[in-house]
Protein chains: 2
Amino acid sequence: MKTKYQVIADEIRSKILSNEFVVGKVIPPELQLQKDYGVSRHTVREAIALLVNEGFLRKEKGSGTYVDDSYQRRGDGVSSSKTIGVITTYLSDYIFPSIIRGIEQKLRENGYSLLLASTNNDVDQERACLEQMLSQGVSGLIVEPTKSNQYNPNLAYYLSFKERGIPVVMINAYYEELSVPFICVNDTKAGYLATKHLFEQGHQHLALITKIDDLQGKYRMKGFIKAHEEMRTNFDPKNVYTYTTETKAQVFETLREKLAREQEVTGIVCYNDEVAQGLIQALAAMGKRVPEDYSVIGNDDSFLSTAGSVKLTTLSHPKEELGEAAAEWIMLAVQQEMTGNKIFEPELIIRDSVKRITN
Amino acid sequence: MKTKYQVIADEIRSKILSNEFVVGKVIPPELQLQKDYGVSRHTVREAIALLVNEGFLRKEKGSGTYVDDSYQRRGDGVSSSKTIGVITTYLSDYIFPSIIRGIEQKLRENGYSLLLASTNNDVDQERACLEQMLSQGVSGLIVEPTKSNQYNPNLAYYLSFKERGIPVVMINAYYEELSVPFICVNDTKAGYLATKHLFEQGHQHLALITKIDDLQGKYRMKGFIKAHEEMRTNFDPKNVYTYTTETKAQVFETLREKLAREQEVTGIVCYNDEVAQGLIQALAAMGKRVPEDYSVIGNDDSFLSTAGSVKLTTLSHPKEELGEAAAEWIMLAVQQEMTGNKIFEPELIIRDSVKRITN
DNA sequence: TTCAATTTGTTCGTATGTATC
DNA sequence: GGATACATACGAACAAATTGA
């Protein structure tokens, strides 16, 4: 269990790293902190002593306790000169290993080191990762945002990087509230191409399964809608099934019931290959086959698209290439050479999960 | 005027420097010093805290306060940096993402950072990685050895870590020339269990495909041989097919010719699931089916074992758990608490790629 | 310049928790 | 298990430096 003074020290450290306590300014006096945290002055002093030792604070008798930044230029962390931080949601799943591989490869070729952390798509863990990167003094940061379509409580940390002149680039998605450069796939187009392909194969009533806690899901839905508009077709909002990281496990249960009632639907656009393969299994459990009974289309061209019993029609994703692009971007940015956003265009990859329908 | 605790600290420091308090020995406990100097315990603790900070003393809870000599090598690598280097052969392939995930998870939970690099199983790249880790000043290193069964030209670097007091632990394999602690799977047993299972299912003539540039392949072969000895059966050395990282691509070509000539062989033990799935595809191209024509057994229980058309009978691998164990080991080692090697025992996982033969 | 308020520094006392031998 | 030794936490008092009225 953490001791009181450690907890208080952690909180103060967080406030420093998120720029709530600004470098060079005083923090509240001991008496105030004592009241704030409901502890004795001794305990507050222990916490402060810890942070002074770490180089986050500096005390001046009679005046106050000031925020210091000497922790950055101590031989403590890694030699910050050529270290790039990488924060992703997941490490071992899906296409993430490929992206990380692309980043690592490129960085090491150029003599940079890679400091890695993952958030498991949880904002509290994201905060911990950001604090880690700030204390380690990385010279650049590549981030895949956590829950990019929800309000993010860690924006202060990102601003903190900006104020310290540490470049940040986002991959796969970005926080719309924040003007941070990004390297993404054109997800609207991906959703559009998937939907259009099903229309072209003669499907008239489509469903969509999409994730709505991240921006990719939102944009893929946007493409789904755009294709409908272009076809001058209306779609039934009931046929849009949404889920989040937390409800992922239950999505197929609710879907089975609903799909049984919607007899018209013949084509289903999926958020990604993982969902598409899950859907195919769920359909199989209902006695429905792909592509005979339903046409299904995935996204990301992951190993899952060719791993299951049905080879998925899907959309391409740059993976390694995206990782390499992010690495190159950040290395340029560290040398003060800023470049613009980069957007990869997805392409349709036709395999076996879509059937042509003729009326 | 000097404060009381400064005076006391000065006296204790003098006693250390004049060898009255000998390096490595305990100094009198707080209660005693309190009486000696006629002050409160708190004052004694202030004095001791000062000296601990200067590196003259080291406190051990429940035991005592010891004289330390770390003040002599200050500014050196003794710093409390909390960065662990991780070097693996591959990042995005096979079971490696899971292992890395296990390491990352555990390290971050405990406030450590992870510096990542990969060698692509190439010793030159391994050297670059090791140099990077040394210059970054990591406080511990987790390594999956590159070509562990071949002479390694980078042993000097590993010795360099040892000299600097930076703990190193190897995972999956180790360099036999080097006495470095390791966390591995019992690969001999894995090979043995696989072979034994085929015997038990009635197969009498077995082949082995194994990788011989790493130790795992060597040990898995050892298990293969051990099972034969136990069965008092001879095996034909012609039926042992070996490959290396560089010849991996061609292994199935040579195998197809040879297997066509060896009519007796009905069961094949594979180095891992990747090879097993490749074999199944190569056999399919010859018009042979698994398990009807050949029984095949994989290793590592990777996602590949259930991804293909045939679900593989294989052997378990701890993956995440191994990563976590490595992380825990290195964190203990950084705190000078050394523990021994750890060996995970594999278990047989029966799926569909082995057929029972009756004569 | 002085003075009072504020803030950190030093020192005492006491009680309880927890690791080690 | 019990004694020892360090760890955490509370409370109180006065000292010393700074700040701003």
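Quick note on labels: first sequence line is chain A, next is B, and so on, each numbered from 1.
OP1 or OP2 of dC6(D) has at least one side-chain nitrogen or oxygen of Thr65(B) nearer than 4.0 Å. Neither OP1 nor OP2 of dC6(D) sits under 4.0 Å from any side-chain N or O of Arg45(B). For Tyr5(A) and dT8(D), the shortest distance from a side-chain N or O to OP1 or OP2 is below 4.0 Å. Contact between the side-chain N/O atoms of Thr43(B) and the OP1/OP2 oxygens of dC12(C) is found at a separation under 4.0 Å. For dT8(D), neither phosphate oxygen OP1 nor OP2 lies less than 4.0 angstrom from any side-chain nitrogen or oxygen of Lys4(A).
For the side chain to side chain contact (heavy atoms under 4.5 Å, CB included) test with Val168(B), the passing option among Ile87(B), Val143(B), Ile330(B) is Val143(B); the others fail.
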Applying side chain to side chain donor-acceptor pair (under 3.5 Å) to Gln136(B) and Thr83(B), what does each step give before you reach the verdict?
CA-CA 9 Å; Gln136(B) 287 282 353; Thr83(B) 306; over 6 Å; no
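Take the nearest nucleotide of DNA chain C for Ile48(A) and for His42(A): the residue whose nucleotide is more 5' is Ile48(A). Positionally, the nearest nucleotide of DNA chain D for Gly64(B) lies more toward the 5' end than for the other of Gly64(B) and Thr3(A).
Asn186(B) and Glu345(B) form a side-chain donor-acceptor contact under 3.5 Å, judged by distance and modelled atom types alone. Side-chain polar atoms of Asn152(B) and Glu126(B) form a donor-acceptor pair below 3.5 angstrom.
Counting only distance, with no hydrogens or angles, the side chain of Asp300(B) and the backbone of Ser302(B) share no donor-acceptor pair below 3.5 Å. A donor-acceptor contact shorter than 3.5 Å links the side chain of Glu144(B) to the backbone of Thr89(B).
Ion pairing between a basic and an acidic side chain is recognised when a charged N comes within 4.0 Å of a carboxylate O; Lys342(B) and Glu321(B) show no such pairing. A salt bridge between Glu131(A) and Arg13(A) is absent, with no side-chain N of the basic residue lying under 4.0 Å from a carboxylate O of the acidic one.
Between the base of dA7(D) and the side chain of Arg41(B) there is a donor-acceptor pair shorter than 3.5 Å.
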Report all interatomic pairs (protein N or O, nucleotide N or O of nucleotides 18-21 of chain C) with separations under 3.5 Å.
none

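The stretch residues 28-40 of chain A touches DNA chain D through Val39(A), Ser40(A), each having a heavy atom within less than 4.0 Å of the strand.
Annotation: Lys59(A), atom NZ; neighbour count of heavy atoms from other residues, nucleotides and ligands within 6.0 Å is above 12.
Gln6(A) has its CD atom 13 Å from the C1' atom of dA9(D), to the nearest Å.
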